[in-house]
Amino acid sequence: MDFKQIEKKWQDKWFNEKLFKAVDFHPTKPKYYVLYEFYNISGNLHMGHLKGTVPADALARYKRFKGYNVLFPIGGDAFGLPAENAAIKTGINPHDFVANGLKTVIAQSQKIGLSFDWDRTICTSDPEYYKWTQWIFLQLFNHGKAYKETAKVNFCPKCQTVLSNEDSQGGKCDRCGSDVVQEERQSWFLKMREYGDKLLQNVDRIQMAENLKEAQRNWIGRSEGTEITFDIFDEKGNKVEKLDIYTTCVETVYGITFVALAPELKLLDKLKNSIKNWTEVEKYRKMTALRSEFDRMSDQKNKTGCKLEGLYVINPANGRKVDMYIADFVLAGYATGAVMAVPSHDQRDYEFAQKFNIPFIQVIEGDTSSQAVEKGEYLPKNSKLINSAEFSGMTVKDAKVKIAQKLIDMGVARKKVNYKMTDWAFNRQRYWGEPFPIVICPHCGEVAISEKDLPLLLPEVKDYMPNKNGDSPLSKAKDWVNCKCPKCGRDAKRETDTMPNWAGSSWYWLRYVDPHNSEKLADFEKLKYWGSVDCYTGGTEHITRHVLYAFFWQNFLYEIGAVPTRDPFVRKMGSGLVLDDEGKKMSKSSKNGVSPLEVIDKYGADVTRMHLHFLGGYEDNTPWTYDGIKGITSFVDKVWSLQDMIKGEKISDEHRFELASLNKKAGENYENLKLNTAISAMMIFVKKIKEDGFITKEELRQFLIFLNPLAPHMTSEMFERVFGEQITDQSWPDYNEKDLVKNEVEIAVQVNSKIVTRIVIPSDADNQKVLEIVKANDKIQLALKDKTIVKEIVVPGRIVNIIVK
RNA sequence: GCUGGUGUGGCGGAAUGGCAGACGCACAGGACUUAAAAUCCUGAGAGGGCAACUUCGUGUGGGUUCAAGUCCCACCACCAGCACCA
């Protein structure tokens, strides 16, 4: 078989004849939307792309046979690092880089045999596309979901840009891996935290592996607790300020021996005059500001802090005076940035109190001599309270409710929900991104430009680097920056930061539905027709980032009536990694990387597709190896030889069973993206045919359809040769339920749960009959001799177990 | 530390509570060949036995069940996510 010639022939045909075009509003066929994460335009496709695209392609091809109108699109995620780096390093225009990159991945996708609808290809850096990214930002802004504020944000010193929490996971810059620092900067934020509960509902509804769901819930980090207001007093006993503190352990409120504030807290400046050791406080604040997030995290055991001399708060529960500290273990960004510290029942507070000689008050039973008795320990035991006035003796469960109620009744507390997830820091000081459709006017502040002025084009520049002050490269494009305020008409400047590269990917599946619409982001009726993505494949590294952003934007767009569905995706499959021979992720940057195109060139696309997926399950990591590729090559050769074995018209009962089994198995496997077992089922069938030495035309016809989603090229060619028709015009064959049952089955027979023998019985025999046959068997008779039968268990078609005494 | 997931031959990996190890690789023996490659056939979890056969076997230890890789409890290891989140 000349796979090179055959693959080229079919790839050209599929592309030129637009054979996989999805039809809007198909009159008869139901829709099915398969999505693979669009390509990050950076260079060549790598093995990871095959891991994710091929199962999606197989599903798309399978669903077409099943009579669905399948939408299976692709595009380019083009803004961001790769194009920009190429521009900085080699001076190539990022537009050209992207245009070439897109051409490359399209050509390479064809070489893999992916059945995309090429007429819907989009690219996020195309003005026709980013017009709508900007439009969505305008809606967010106009609905009060986008705001600009000076706040501590993650900042990468090397990339010179602000990063979101999602882009600084583990304290490292997602772009370059450098340690991220916290800097006070004017930044754009999207109110993602407000959507915390809605995102959690998205997580509940989506079909996805449990570990991925948990990762998302963790990231959102919802907790329920109580917010308590403490009055702050100065040395003379004058009430000077109020301090809100959030706790999930209100039951420990009688154990408070100090409160701790984040050093960054602005409240401190207001208290300056009452703090007697202000110089020391300022020194500590400066020190923490210099410590990177990474330092603070890796130095957890060594607690640092500084007492606020001259101030105290009153614990509203018991009127006790409590000292105040600032400490860098308290995070400014979470809840109110202050904690009520209970050293006996919180390990952090315990360590801090020990270091600063702060007293302990134990309020829940347990041994606190060497470490804190925390909620993880006392909650399951439902221990009792001590030293807690009228609540002493109560169980934690009761006290939690009663103490909260008391404080609420006193007017000093309220129930509160908090999230770890923060608002999305949405601006970057980089060139290659969507410009904000915002004008900064000295009189009116941030003003949105008119929708009709979209897209706001990204200007051409010569220098792609931010300047030393950390201003975006766009600030150098003076002609572009200087403009008139849309509101008052006076001189103003454009926002010179750009959007993060996640902006364009936060809604792209909606654009595929109507990619050329110049009036709307997509026609509402088309959005309604295609609905949510039925199956979305791609990498698990996007679970706590892109997928959450996607939930967020789709919720917002739904609420403003721009889209008809709240859920972007019905099912999300997280692709495993392809590992190199050191067990590390194989990516284009890895040294031991194997290029899929190299493998395709040597073995053909059909073999490459099947080999990679025969190595392991879709959601599992796959260690890449050439070992075993021979098995697939020889399978492909055997399949090819089937066309010389056609004989007869009538399908034997035995073959009918094999065919029906394969039909069922293949269908289920494609549906569940389990290509490894699908391939194994194909092999079993072919083995049987080779053993028997013949195949009827009808069997071959069906088999080629079954195999087509895995090996589209060779099956297309064989189908044309043998039947003179196009396989893409065929439908998935039906099978009869009764064909799944063999006339005779071999069952195992056990006596006292041990296998004694195996016998063949007619499969339609009822339990009574089965036992008769079994008991007539010599070996069984021997085993039953002189024994009393206590129990007889018959599992039809599988096993008989006779229990004797 | 918390959360979730996973532990099966030499290897990749199969098994709706019902015959563990499907399918494939590597391996061994054989056929074809001057020879090799390719192809085809056969074998194989481990231990014992010439053999029929037999004992042990799905990370470890318990349990439920006629029956457990699968369910329950405890532990160990690995992977992933989060990580001073109050």
Side-chain angles (χ1 to χ4, degrees), chain A residues 169-171 209-223 225-227 245-250 252 259-260 262 296-297 299-303 327-331 333-342 345-349 351-352 374-376 418-422 540-541 543-544 574 576-577 583 610-611 614-617 619-635 637-638 674 676-684 687 690 746-755 757-758 790-804:
Chain A
Q169 303 195 12
E210 195 53 37
N211 59 339
L212 303 181
K213 286 190 171 208
E214 273 307 304
Q216 292 189 329
R217 292 192 186 110
N218 243 319
W219 186 260
I220 297 167
R222 184 183 198 274
S223 77
T226 312
E227 194 174 83
I245 290 180
Y246 173 75
T247 179
T248 54
C249 305
V250 73
T252 62
V259 297
R296 281 166 74 163
M297 277 191 332
D299 197 19
Q300 287 181 20
K301 285 285 157 225
N302 185 22
K303 295 281 181 291
D328 73 357
F329 78 80
V330 186
L331 307 173
Y334 184 71
T336 64
V339 297
M340 53 169 239
V342 183
H345 302 292
D346 184 294
Q347 192 56 30
R348 286 170 336 201
D349 302 349
E351 284 157 17
F352 192 88
E374 294 194 302
K375 63 178 164 187
N418 261 308
Y419 304 90
K420 287 194 216 173
M421 183 176 71
T422 60
T540 53
E541 71 273 22
I543 288 297
T544 54
L577 302 173
M610 285 195 280
H611 176 59
F614 193 53
L615 287 174
E619 299 203 278
D620 302 324
N621 291 342
T622 301
W624 169 263
T625 170
Y626 281 101
D627 290 351
I629 198 164
K630 203 183 116 185
I632 300 292
T633 311
S634 107
F635 168 67
D637 289 342
K638 281 177 197 159
K674 293 182 75 166
N676 54 341
T677 47
I679 295 164
S680 138
M682 302 292 163
M683 287 173 165
I684 292 168
K687 203 170 168 179
K690 294 287 277 188
E746 190 190 65
I747 60 164
V749 186
Q750 300 177 321
V751 174
N752 284 348
S753 306
K754 281 199 168 180
I755 292 168
T757 189
R758 293 175 176 83
V790 182
K791 200 173 177 183
E792 292 161 334
I793 296 137
V794 182
V795 183
R798 292 193 186 268
I799 210 160
V800 171
N801 192 0
I802 301 171
I803 310 303
V804 296

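Computed over heavy atoms, backbone and side chain alike; hydrogens, waters and symmetry mates excluded. Here is how names work: the chains are called A, B, and so on, in the same order as the sequence lines, proteins then strands, and each is numbered from 1.
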Using only modelled atom types and a 3.5 angstrom limit, is any donor from either the side chain of A:K420 or the base of B:C82 paired with an acceptor on the other? no

Any side-chain N or O of A:Y334 less than 4.0 Å from the OP1 or OP2 oxygen of B:A86?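 Yes, A:Y334 has a side-chain N/O under 4.0 Å of OP1/OP2 on B:A86.
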
Does the side chain of A:N621 get closer than 4.0 angstrom to OP1 or OP2 of B:C79 through an N or O atom? no

Could you work out the separation of [N] and [M] based on their [atom1] atoms and round it to a whole Å?
{"N": "B:C2", "M": "B:U55", "atom1": "C1'", "answer": "45 Å"}
{"N": "B:U70", "M": "B:U8", "atom1": "P", "answer": "13 Å"}
{"N": "B:G9", "M": "B:A46", "atom1": "P", "answer": "12 Å"}
{"N": "B:A31", "M": "B:A38", "atom1": "C1'", "answer": "14 Å"}
{"N": "B:G59", "M": "B:A77", "atom1": "P", "answer": "16 Å"}
{"N": "B:U60", "M": "B:C11", "atom1": "P", "answer": "15 Å"}
{"N": "B:G62", "M": "B:U54", "atom1": "P", "answer": "26 Å"}
{"N": "B:G10", "M": "B:A22", "atom1": "P", "answer": "14 Å"}

Could you classify B:G13 for me, syn or anti, using a glycosidic angle within 90° of 0 as syn?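 Anti, since the glycosidic angle lies more than 90° from 0.
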
Quick one: which of [options] gets closest to the side chain of [X]?
{"X": "A:L331", "options": "B:A14, B:A86, B:C82", "answer": "B:A86"}
{"X": "A:K674", "options": "B:G81, B:G18, B:A15", "answer": "B:A15"}
{"X": "A:D328", "options": "B:C82, B:G18, B:C84", "answer": "B:C84"}
{"X": "A:P623", "options": "B:G12, B:U16, B:C85", "answer": "B:G12"}
{"X": "A:E210", "options": "B:C19, B:C84, B:G4", "answer": "B:G4"}
{"X": "A:R348", "options": "B:G12, B:C84, B:G81", "answer": "B:C84"}

Going by side chain to side chain donor-acceptor pair (under 3.5 Å), name the residues that satisfy it together with [X], two or more places apart in sequence or in a different chain.
{"X": "A:Q216", "result": "none"}
{"X": "A:T248", "result": "A:K375"}
{"X": "A:Q347", "result": "A:E351"}
{"X": "A:T544", "result": "A:Q169"}

May I have the step-by-step check of salt bridge (charged side-chain N to carboxylate O under 4.0 Å, His left out) for A:E210 and A:K213, ending in yes or no? CA-CA 5 Å; A:E210 195 53 37; A:K213 286 190 171 208; 5.3 Å; no

Who are the side chain to side chain contact (heavy atoms under 4.5 Å, CB included) partners of A:D620, not counting sequence neighbours?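 Applying side chain to side chain contact (heavy atoms under 4.5 Å, CB included) to A:D620 gives none.
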
Please identify each residue that fulfils side chain to side chain contact (heavy atoms under 4.5 Å, CB included) with A:N418, with sequence neighbours left out.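 Partners of A:N418 under the side chain to side chain contact (heavy atoms under 4.5 Å, CB included) test: A:S223, A:Y246, A:Y334, A:A335, A:K416.
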
On RNA chain B, compare the nucleotides closest to A:Y419 and A:D620; which residue's is nearer the 5' end?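 Going by which nucleotide is closer to the 5' end, it is A:D620.
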
On RNA chain B, more 5' by nearest nucleotide between A:I755 and A:L615 is A:L615

Rounded to whole angstrom units, what separation is found between the CZ atom of A:R798 and the C1' atom of B:G18?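 Rounded to whole Å, this separation is 7 Å.
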
Kindly express the pairing pattern of RNA chain B in dot-bracket notation, using | wherever a base pairs with another strand and counting only Watson-Crick or G-U pairs under 3.5 Å. (((((((..(((.....[....))).(((((.......))))).((((....))))..(((((..]....))))))))))))....

Could you report the tightest heavy-atom contact between A:I803 and A:N752, atom names first, then the distance?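 Smallest interatomic distance, heavy atoms only, reads CA-OD1, 3.3 Å.
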
By salt bridge (Lys or Arg N to Asp or Glu O under 4.0 Å), A:R222 pairs with (sequence neighbours left out) A:D197, A:E224

Where protein sits on nucleotides 23-28 of chain B, one letter per nucleotide: B base, S sugar-phosphate only, - none, heavy atoms under 4.0 Å: BSSS--

Across the strands shown, which category fits A:E792 at heavy-atom distances under 4.0 angstrom: base, sugar-phosphate, nothing? nothing

A:R217 near the nucleic acid: base, sugar-phosphate alone, or nothing, with a heavy-atom cut-off under 4.0 Å?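 No contact at all - A:R217 keeps every heavy atom at 4.0 Å or more from the nucleic acid.
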
ring-ring contact (aromatic ring centres under 6.0 Å, His included) with A:F352: which residues, sequence neighbours excluded? A:F258, A:Y325, A:F329, A:F356

Using ring-ring contact (aromatic ring centres under 6.0 Å, His included) as the criterion, list what pairs up with A:W219, not counting sequence neighbours. none

List, with names and distances, any nitrogen or oxygen atoms from the protein found under 3.5 Å away from nitrogen or oxygen atoms belonging to nucleotides 65-75 of chain B.
unit_1, atom_1, unit_2, atom_2, d
B:C66, O2', A:S753, OG, 2.3
B:C66, O2', A:N801, ND2, 3.4
B:C66, O2, A:N801, ND2, 2.7

